[in-house]
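Written out below as structure tokens is the structure these notes cover.
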Amino acid sequence: MKGLYLFSIFGYICILWLTGIYVTRKSSSTEAYLVASRSLSVPFLSVLIAGTWIGGVSIVGMAQGSYIHGVSALWFQVGIWIAMCATSVLLSRILEGKKTYSILDVVGGLYDKKTAKLAGILQLIFSIWIVTMQIVGGGAILTVILQGQLSFREGMILTAIVFTLYNVMGGFVATAYTNLIHIGAIIFGIFLGGLYVVFNTGALSQMANQAHYFSPFGDLGIVQALSWAYINFTLGVLAQPVINTASSAKTPEEGRKGILIGNFISIPVVVMAALCGIVAKYVFPDIPSISALPALLNIVPPFIAVFFLLSMWAPLMSSGSPFLMGATTLAIKGYIAPALNITNDRVLLLVSRLTTLLIGAVSLLLGFFVKEILREVTWIAVLLSAIVYIVFIGWAWKQVHSLYAFLSLLGTIAILIFSFAFGSYKVLHPVWPVTLYIFIIMGIGVLTR
């Protein structure tokens, strides 16, 4: 079986790299490399959005979450699904007919450059951390599947190299084309393997008798569950990969359709991953939770296992790629090009490729510090919650002084550091003190404008 798995993995890698090489000629300018020359159609937009939210966090992390918490782990994703609907409605407001590239443009349209730069840094930190999560998920899957042949670290390295390189070659065009491949592999494999383990183990009916596995709020409790949903709403509504995808559309209307269709595609896939996590808990009650999904390969026949395997590994790249390219776009347009005063497009294209490579390397190094995927994402997502608050308040009340928005973002960083330094995050999720703080600060700004 290991030989078959290796053959499948490296065959898939070849397809992805050949695709990256093929589309390199379509990425001959910085505009093409970063936003696909703003020419993508609805099918490509849809798979970009679906792939963004069907990743290591939503597949491996969701299986891990449901292994521990049951179906209540789905609250993590509910916020994303609502956010995508909201983003489609607000898209014209987000883009405002401009050549938008990143959150810097959105915040910069409301506040001063200093506030926009700080918001961009927070978004960049989050994007890099999400890329890290995909790499960790890849390591977890490959090490379980190829025990004795590939270590966890080697699995992480292989995953990082594969999707970083095809993005270095073809940029956002490569992300679009490879996500079309990834989504096909994910949908076919996760339902083929998932339905097999559900119907051949009888696990779901047995686990229904457990204390919390099919309770709506499970052992999380209503406060924690709704916190996850709320945080991920704020995570998704102005996420850099979504802005990148919408900016690459031929028209705003096509961007809106792509967001909605991609969101619709992602929902059943994530639900199936959650059910697989519950099956894994029944069949393998004592394994490390992060191995919940790949462990199921041990109970499916070889002809199913190959496709099931690819459906587990592909999401890590389908999500990692948009976040990687989103981080590159943010770094290049917001910081590197202005700081170095690069005006020559060929030079900027080279720097863009080097930046993609560097971000991939940094994300890989950070991967050695990850413990539990879902919880750690909700903690770092607080940085995006702060950005969403100041943007929405800026839309609702014009002419709020930039100082209050800047202090809101700065205070968010301080609260997050305090929460981890003193362990208060174990008692109260950081999003709630951040929310209270920002509404007080921005409230003062509204009253004194």
Open item on the list: We want to know whether Thr234 and Ser385 form a side-chain donor-acceptor pair, criterion being a heavy-atom distance below 3.5 angstrom.
Closed with: yes
Task: Step-by-step side chain to side chain contact (heavy atoms under 4.5 Å, CB included) determination, Gln206 to Tyr213 - done: CA-CA 10 Å; Gln206 294 296 321; Tyr213 275 85; over 6 Å; no
Open item on the list: Test of understanding: with salt bridge (Lys or Arg N to Asp or Glu O under 4.0 Å), list the residues that count as partners of Arg353, not counting sequence neighbours.
Closed with: none
- [ ] Please confirm whether Trp75 and Phe217 have ring centers closer than 6.0 angstrom.
- [x] yes
TODO: Scan side-chain atoms only and decide if Asn167 and Thr175 contain a donor-acceptor pair under the 3.5 Å cut-off.
DONE: yes
Task: salt bridge (Lys or Arg N to Asp or Glu O under 4.0 Å) partners of Glu254, counting only residues at least two apart - done: none
Open item on the list: Ignoring hydrogens and geometry beyond distance, is a side-chain donor-acceptor pair present between Thr328 and Thr356 at under 3.5 Å?
Closed with: yes
Open item on the list: Is the shortest side-chain heavy-atom distance between Ile15 and Thr178 below 4.5 Å?
Closed with: no
Open item on the list: Quiz question: by atom type and distance under 3.5 Å, do the side chains of Gln77 and Ser58 form a donor-acceptor pair?
Closed with: yes
Open item on the list: I'd like to know whether CZ of Phe392 has more than 12 heavy-atom contacts from other residues, nucleotides or ligands below 6.0 angstrom.
Closed with: yes
Task: Polar contact flag, side-chain donor to acceptor under 3.5 angstrom, Gln64-Ser289 - done: yes
Task: Val71 and Ser66, any side-chain heavy atoms less than 4.5 Å apart - done: no
Open item on the list: If you count heavy atoms of other groups shown closer than 6.0 angstrom to NZ of Lys117, is the number above 12?
Closed with: yes
TODO: Could you tell me if the ring centre of Tyr67 sits under 6.0 Å from that of Phe284?
DONE: no
TODO: Please identify each residue that fulfils ring pair (Phe, Tyr, Trp, His ring centres under 6.0 Å) with Phe418, with sequence neighbours left out.
DONE: Phe422
Open item on the list: Using the side-chain hydrogen bond (donor to acceptor under 3.5 Å, both in side chains) criterion, which residues pair with Tyr389? Sequence neighbours excluded.
Closed with: Tyr230, Thr435
Task: From Leu324 atom CG to Ile135 atom CD1, the distance as rounded to the nearest 0.5 Å - done: 8.5 Å
Task: Pairing residues for Ala249 by the side-chain contact (heavy atoms from CB on, under 4.5 Å) criterion, not counting sequence neighbours - done: Leu45
Open item on the list: Taking the side chain as everything from C-beta on, heavy atoms only, tell me whether Met272 gets closer than 4.5 Å to Leu195.
Closed with: yes
- [ ] Tell me yes or no: between the side chains of Tyr177 and His182, is some donor less than 3.5 Å from an acceptor?
- [x] no
- [ ] Give a yes-or-no answer on whether the side chains of Trp432 and Ser227 include a donor-acceptor pair shorter than 3.5 Å.
- [x] yes
Please list, one pair per line, the donor and acceptor atoms closer than 3.5 Å that link side chains of residues 300-316 to other protein atoms, with sequence neighbours excluded.
unit_1	atom_1	unit_2	atom_2	d
Ser311	OG	Ile190	N	3.3
Ser311	OG	Phe308	O	2.7
Trp313	NE1	Thr159	OG1	3.0

- [ ] Indicate yes or no: at least one non-hydrogen side-chain atom of Gln123 is less than 4.5 angstrom from one of Leu330.
- [x] yes
Open item on the list: A side-chain contact here means heavy atoms from C-beta on lying under 4.5 Å apart; do Phe172 and Lys26 qualify?
Closed with: no
